[in-house]
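Throughout, residue positions are numbered sequentially from 1 according to the sequence presented.
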Amino acid sequence: MNKLFKIVGWVLGLVGLFLGIFCLLKGNADNEGPVNSLLSYTYVLFFAAIAIWILLAVFIALKNDPKSLLKGLLFIVIGVIVVGVAYMLAGGQPVETMKEEIAPGTLKLTDTMLTLTYILGGAAIVAIIFGAIKGAINK
């Protein structure tokens, strides 16, 4: 199983590397092309990582314990709820210093990802703190 995770990690890493090089080579005189391309391919990698994560979770649950598939489904539902909350909280307002117009959907999606980053970052910090407290109590 560990080998499967390594392979998936390498594949995602190589795809990200090639897409990054492609985006940097693409561009125009104002250098706006690479930024827009990088944002688009970041979305692609983000959703590819989520899809792979879900498929691996289902595969592992079916292999180890089919009853744990319900537990995995619960985590997927919680993840969908968190993404939905992040989407609802995302404003989608344009930055005033931008030279060109960007589609409102792109702004909303970018704000959603930023909000998701804040939520998951805060959750990670809380998990680290509670883990340290639990470890100190158990010792």
Side-chain angles (χ1 to χ4, degrees):
M1 198 57 60
N2 196 15
K3 192 174 189 178
L4 180 65
F5 289 126
K6 284 184 180 181
I7 291 170
V8 170
W10 276 102
V11 168
L12 280 176
L14 288 174
V15 167
L17 179 69
F18 288 125
L19 289 176
I21 291 171
F22 172 74
C23 292
L24 291 175
L25 294 178
K26 182 180 175 185
N28 55 19
D30 295 332
N31 210 17
E32 295 170 355
V35 173
N36 292 334
S37 297
L38 280 173
L39 281 174
S40 298
Y41 291 120
T42 299
Y43 300 147
V44 170
L45 284 178
F46 178 75
F47 291 118
I50 288 175
I52 290 172
W53 174 68
I54 291 171
L55 291 174
L56 282 177
V58 169
F59 175 74
I60 291 170
L62 287 175
K63 183 177 178 193
N64 294 338
D65 183 17
K67 291 181 182 179
S68 69
L69 193 57
L70 290 175
K71 190 177 183 183
L73 183 62
L74 176 69
F75 283 116
I76 291 172
V77 169
I78 290 171
V80 168
I81 290 171
V82 169
V83 171
V85 167
Y87 184 78
M88 295 245 200
L89 292 175
Q93 289 85 16
V95 179
E96 295 176 10
T97 60
M98 295 179 65
K99 295 178 184 177
E100 66 181 50
E101 284 288 322
I102 296 180
T106 302
L107 292 171
K108 182 81 168 173
L109 190 57
T110 303
D111 285 352
T112 299
M113 289 207 181
L114 285 172
T115 305
L116 248 166
T117 302
Y118 300 149
I119 291 171
L120 295 177
I125 291 171
V126 168
I128 290 170
I129 291 170
F130 280 118
I133 292 171
K134 184 178 178 184
I137 291 172
N138 288 341
K139 286 185 181 182

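F47 and I76 fall within the same hydrophobic cluster, where Ile, Leu, Val, Met, Phe, Trp and Tyr residues are linked whenever their side-chain heavy atoms come under 4.5 Å apart, directly or through other members. Residues I125 and I133 share a hydrophobic cluster, clusters being chains of Ile/Leu/Val/Met/Phe/Trp/Tyr side chains in contact below 4.5 Å. With hydrophobic clusters built from ILVMFWY side chains whose heavy atoms lie under 4.5 angstrom apart, F75 does not share a cluster with I50.
Listed here is the closest heavy atom pair of Y87 and K108: O-NZ, 3.1 Å. Closest approach of I119 and A86 over heavy atoms only: CD1-CB, 4.2 Å.
With values rounded to the nearest 0.5 angstrom, L109 atom CG is found 10.0 Å from L114 atom CG. Atom CE of residue M113 and atom OG1 of residue T117 lie 8.5 Å apart, to the nearest 0.5 angstrom.
No option in V83, L120, L89 other than L89 meets the side chain to side chain contact (heavy atoms under 4.5 Å, CB included) test with T115.
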